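Inspection log for the structure reproduced underneath, given as structure tokens.
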Amino acid sequence: MTCHFPELPVEFLNLLNEVLPPAHKDAALASFSLEKPVVFRVNTLRTTAEQLLRELESDNIFPHPVPWLSGAYSLPVEDKRALTETKAFQRGLFYIQNLSSMLAPWVLDPQPGETVLDLAAAPGGKSTQIAALMKNEGRLSVVEAVKPRFFKLKANLDQQGVEIARTFLMDGRAVGRKCPQMFDRILLDAPCSSEARFSRLDPDSWAHWSPRKVKEMSRKQKGLVASAWASLKPGAVLLYCTCSFSPEENELILDRLLRRVGDEAKLKEITLPIENTQPGLTRWKSKTLHPDLCKAVRILPDEMMDGFFLALIRKAAS
Ligand SMILES: C[S@@+](CC[C@H](N)C(=O)[O-])C[C@H]1O[C@@H](n2cnc3c(N)ncnc32)[C@H](O)[C@@H]1O
């Protein structure tokens, strides 16, 4: 299947050609033209799936369970408005979130009682999910650098009933220096060029994309990943993710870290409950990258999900 999408910048189309094999590239481009269903996650800090479904049923809303992810449900996009007008929505009984985004906390696997950091957190979809996985037990620090987004994050944490979060309006690049070796698990859902979320229905989604933007993001990501690494306890894990396809924002960021810290870092295998994925690249342009990078995963965008990149890195125990 060939999909023409001439509105996209030619440099982006060239990049996609180099990162994805032809069939995956065509499917990714085709997915940008689709109206994806609305997906939500039951907020187990406030309710159970059974209670929520009963309540939605009384509003004539009948979501379908996502078979491979417990607590996730989908609805045709036409039902989004009705869903957001329910009392259950106002009371924070669920959170609307893309499925690929839900997989990041699922892979991080935070446990009740742990000390966890979300280093680039607004609007808080993943922070609230982490708190739910931790059953509101332990300590969750959430950091956001952009003021209006920070306030949105705080509002979402309150609305979703998160009681274990300490919120910090600050540049995440300073955290490693201020809080060395402090956390059991860190999520770095890095600010990125958002290439894997382009939508033909929303031309704004790619309006600010440029090779320069990718470079700017890449510089910031290097600083954030170094900070996250410094804040990890020995033996702890960092999940690095973006919604970008660019190796400059993904493999090259991690290649630099792996070479800098040597045996201190090991990439862990990631097993996802989906098949529409591709392993991380171990070669880019003429450069051979760290061989462990094949353990990173690119989720390919499709009719349900946005694209995503995930890598799980463990710091050696001292
Ligand atoms: C990909 S978004 C995070 C989405 C969030 N994890 C969620 O699931 O709702 C990245 C966030 O990083 C923030 N950010 C950008 N630069 C930052 C920095 N230097 N330190 C901390 N946060 C930063 C952005 O404002 C943005 O809110």
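Note that the numbering runs from 1 along the sequence shown for the chain. Just so you know, ligand 1 is whichever comes first in the structure, and atom 1 is the first atom listed for that ligand. Please read all numbers here as calculations on a predicted model, not as lab measurements.
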On a heavy-atom basis, I'd like to know which of Ala104, Cys192, Ala145 is closest to atom 18 (C) of ligand 1. Ala145
Would you sort out whether Ser100 and Asp306 count as a side chain to side chain donor-acceptor pair (under 3.5 Å), showing the intermediate values? CA-CA 6 Å; Ser100 51; Asp306 290 338; 5.1 Å; no
Among all protein heavy atoms in this structure, tell me which lies nearest to atom 7 (C) of ligand 1, with the distance rounded to 0.1 Å. Gly125 N, 3.6 Å
Quick check on Asn156 - does any of its heavy atoms sit under 4.0 Å from an atom of ligand 1? no
Any side-chain to backbone donor/acceptor pair from Ser246 onto Glu248? Under 3.5 Å, distance only. no
Ser101 N/O under 3.5 Å from ligand 1 N/O: no
Run through the side-chain heavy atoms of Ile, Leu, Val, Met, Phe, Trp and Tyr, join any pair under 4.5 Å, and report what else lands in Tyr73's cluster. Val38, Phe40, Val42, Leu52, Leu53, Leu56, Ile61, Leu75, Leu83, Phe89, Leu93, Phe94, Ile96
Give the numbers and elements of all ligand 1 atoms closer than 4.0 Å to a heavy atom of Leu119. 21 (C), 22 (N)
Can you list the atoms of ligand 1 that are under 4.0 Å from a heavy atom of Ala121? 5 (C), 6 (N), 7 (C), 9 (O)
Identity and separation of the nearest protein heavy atom to atom 20 (N) of ligand 1: Gly172 N, 2.8 Å
Contact (N/O only, under 3.5 Å) between Gly124 and ligand 1: yes
Note the single closest protein heavy atom to atom 19 (N) of ligand 1, along with its residue, its atom name and the distance in Å. Asp171 OD1, 2.9 Å
What protein heavy atom sits nearest atom 10 (C) of ligand 1, and how far off is it? Asp189 O, 3.6 Å
N or O pair under 3.5 Å between Glu144 and ligand 1: yes
Could you check atom 15 (C) of ligand 1 against the protein and tell me its nearest heavy-atom contact, residue, atom and distance included? Pro191 CG, 3.5 Å
For ligand 1 and Tyr95, I'd like to know whether there is a polar contact (N/O to N/O, distance under 3.5 Å). no
Shortest protein contact, atom 12 (O) of ligand 1 (heavy atom only): Ala120 CB, 3.3 Å
Considering only non-hydrogen protein atoms, determine which one is nearest to atom 8 (O) of ligand 1 and report residue, atom name and distance to 0.1 Å. Lys126 NZ, 2.9 Å
Among all protein heavy atoms, pick out the one at the shortest distance from atom 4 (C) of ligand 1; state its residue, atom name and that distance to 0.1 Å. Ala122 O, 3.0 Å
Please determine whether any non-hydrogen atom of Ala190 lies less than 4.0 Å from an atom of ligand 1. yes
Give a yes-or-no answer on whether the side chains of Ser127 and Asp118 include a donor-acceptor pair shorter than 3.5 Å. yes
For Lys220, the ligand 1 atoms with a heavy-atom partner under 4.0 Å come out as 15 (C), 16 (N)
Apply side chain to side chain donor-acceptor pair (under 3.5 Å) to the pair Ser193 and Glu249, showing each step before the final yes or no. CA-CA 8 Å; Ser193 63; Glu249 297 186 61; 2.5 Å; yes
Derivation of the side chain to side chain donor-acceptor pair (under 3.5 Å) call for Arg91 and Thr47: CA-CA 10 Å; Arg91 285 162 48 224; Thr47 188; over 6 Å; no
